[in-house]
Amino acid sequence: MLVSWNTTNQCNMFCDHCYRDAGAKAADELDTNEARTLIEEIKKAGFKIMIFSGGEPLLRPDIYELGAYARQQGLRPVLGTNATLITPKTAHQLKEAGFLAAGVSLDTLIPEKNDAFRKLENTSELTMNGINNLKEAGIPFQIHTTVMDWNVDELEAITDFAVELGAMAHHVFFLVPTGRAVNIEEEALRVEIYEKTIARLMEKQKNVPIEIKPTCAPQFIRVADKKGIPLRFSRGCLAGISYCIISPKGDVQPCAYMNMYLGNVREIPFHQIWSDNPVLKELRTMDYEGKCGICDYKTSCGGCRARANYYNGSIMSEDSWCLYNPSRKA
């Protein structure tokens, strides 16, 4: 079980695809004491991994204290970052605080495209400096890539680059329109390309020593199974089942791409939201509609619940981006 806390809305970038619409610090973000209570509640709810993301979490001054507190509580704290602010000193502070890994955003190997997408000059150079500083400090890292129509042909090359860098994994995020990403919905991959891209990534997995994981593309479970590729993952869509996300203000939602308010941790203890919220309970029934409901991969894939909700207006509807016909088991 893993939970992601968007520690702050503040960010030094203004990326086109940001689900949080990050930039300026939000009013009423959880303070240090509230964050410590949240960490205790996350532990109480049974979670094992806590992702400290943003915005850019390194813009939160107490990030080291909170990472250390999560570690003291028996959680595994990891960082979701653009890495551009990770100096040698910062990296060693993260290591001393107990952060066990970092996910670093890298969407293209072409510096000009990276700058344009991230709205920050010299993004590629700054990111590489941050990665090197993580390596020097002994913090394992993985590469995170959001795939769109303009970078889809680069994915295998980015995987190869991740291997060269010494990354432990390459996680590829498929765009679900929410936040600023609604404005670039037309850049999301369409159904046939989506399926082919998942297949490409699973083929690539056969030939590289690091993990490749499509995210918000739970059909990778089926594709890998059909290709005989062993995976350590037993479930595609985790939303509400073994994952949720918490905003800088303490609002809980099923996943990053499902903008659905479930309660606020200032008003309801997090462990109660996680155990009692009716939306989460419904997601856990896996009582899906349409072909997702009769699919032989229902309990392992589950379809993307955020995409089903965005395009069909229901969290339990079928994922219409899936080409698989379960009645034929093709």
Side-chain angles (χ1 to χ4, degrees), residues 1-4 17 19 144-149 152 155 171-179 181-182 185 187-202 205 212-227 229 231-245 252-260 262 274 277-330:
M1 290 174 60
L2 69 161
V3 62
S4 180
H17 68 306
Y19 65 82
H144 292 172
T145 300
T146 298
V147 58
M148 285 160 288
D149 59 0
V152 64
L155 296 180
H171 287 200
V172 180
F173 291 73
F174 284 73
L175 185 71
V176 179
T178 189
V182 170
E185 191 271 341
E187 294 181 14
L189 301 182
R190 295 308 174 193
V191 180
E192 287 191 21
I193 300 176
Y194 169 77
E195 182 83 11
K196 289 177 180 177
T197 302
I198 296 172
R200 280 172 47 202
L201 291 170
M202 293 298 94
Q205 180 67 90
I212 300 175
K213 182 184 182 294
T215 298
C216 294
Q219 290 80 13
F220 84 94
I221 296 282
R222 164 179 52 83
V223 174
D225 179 61
K226 297 293 186 183
K227 292 179 178 291
I229 300 171
L231 298 173
R232 69 177 180 91
F233 307 101
S234 58
R235 174 75 186 175
C237 182
L238 306 178
I241 296 173
S242 59
Y243 170 81
C244 71
I245 193 166
V252 180
Q253 59 192 77
C255 81
Y257 304 111
M258 203 182 298
N259 192 15
M260 184 175 294
L262 304 178
W274 178 251
N277 184 270
V279 173
L280 299 180
K281 285 185 175 181
E282 185 176 20
L283 285 167
R284 292 164 194 162
T285 67
M286 302 186 198
D287 188 16
Y288 307 130
E289 302 165 5
K291 64 182 182 180
C292 283
I294 61 170
C295 185
D296 39 321
Y297 289 96
K298 179 173 79 168
T299 59
S300 57
C301 167
C304 177
R305 296 299 98 210
R307 190 173 292 114
N309 188 59
Y310 179 82
Y311 289 103
N312 303 322
S314 168
I315 61 172
M316 303 304 285
S317 65
E318 71 178 27
D319 183 351
S320 54
W321 277 40
C322 182
L323 288 180
Y324 183 57
N325 188 333
S327 63
R328 297 177 185 173
K329 297 188 179 181

Checklist entry - Distance from L323 atom CG to E195 atom CD, nearest 0.5 Å? => result 5.0 Å
Item to check | H144 and H171 aromatic ring geometry - parallel, tilted or perpendicular at 30°/60° bounds | outcome: parallel
Checklist entry - Below 4.5 Å, heavy atoms only, C-beta onward: do C255 and R305 meet side chain to side chain? => result no
Checklist entry - Please walk me through it: do L2 and L238 pass side-chain contact (heavy atoms from CB on, under 4.5 Å)? => result CA-CA 9 Å; L2 69 161; L238 306 178; 3.8 Å; yes
Next on the checklist: Hydrogens and angles aside, do Q219 and D319 bring a side-chain donor and acceptor to less than 3.5 Å of each other?
Outcome noted: yes
Checklist entry - Quick check: does any side chain N or O of N312 sit under 3.5 Å from a backbone N or O of S317, one acting as donor and the other as acceptor? => result no
Item to check | Between Y194 and R307, a side-chain donor and acceptor under 3.5 Å | outcome: yes
Checklist entry - So, for Y257 and A306, which heavy atoms are closest and what is the spacing to 0.1 Å? => result O-CB, 3.5 Å
Next on the checklist: Nearest 0.5 angstrom please: C216 SG to L175 CG, how far?
Outcome noted: 9.0 Å
Checklist entry - Are side-chain heavy atoms of C304 and C237 found at a separation under 4.5 Å? => result no
Checklist entry - Is the NZ atom of K227 crowded by more than 12 outside heavy atoms at less than 6.0 Å? => result yes
Checklist entry - Would you call M1 and W274 a side-chain contact if the rule is heavy atoms closer than 4.5 Å? => result yes
Next on the checklist: Whether the side chain of R200 engages the backbone of V152 through a donor-acceptor N/O pair (distance < 3.5 Å, no angle test) should be reported.
Outcome noted: yes
Next on the checklist: Rounded to the nearest 0.5 Å, what separates atom CD1 in I212 from atom CG in L231?
Outcome noted: 10.5 Å
Checklist entry - Of all heavy-atom pairs between M258 and A239, which one has the smallest distance, and what is that distance? => result CE-CB, 4.3 Å
Item to check | Heavy-atom donor-acceptor pair, Q253 side chain to I245 backbone, under 3.5 Å | outcome: no
Item to check | Gap between atom OH of Y288 and atom CD1 of I315 - 0.5 Å precision | outcome: 9.5 Å
Next on the checklist: Are K281 and T285 packed together at the side-chain level, in the sense that at least one heavy-atom pair is separated by less than 4.5 angstrom?
Outcome noted: no
Checklist entry - Distance-only, no hydrogens or angles: does the K291 side chain make a donor-acceptor pair with backbone N or O of C322 under 3.5 Å? => result yes
Next on the checklist: Nearest 0.5 angstrom please: D296 CG to Y324 OH, how far?
Outcome noted: 3.5 Å
Item to check | Check: T145 side chain, V147 main-chain N or O, donor-acceptor pair, under 3.5 Å | outcome: no
Next on the checklist: Show the nearest heavy-atom pair for residues G240 and L283, with the distance to one decimal.
Outcome noted: CA-CD1, 4.0 Å
Checklist outcome for this item: CD of E282 to CG of N277, rounded to nearest 0.5 Å, is 10.5 Å
Item to check | ring pair (Phe, Tyr, Trp, His ring centres under 6.0 Å) partner of W321, the single match among Y311, Y310, F174 | outcome: Y311
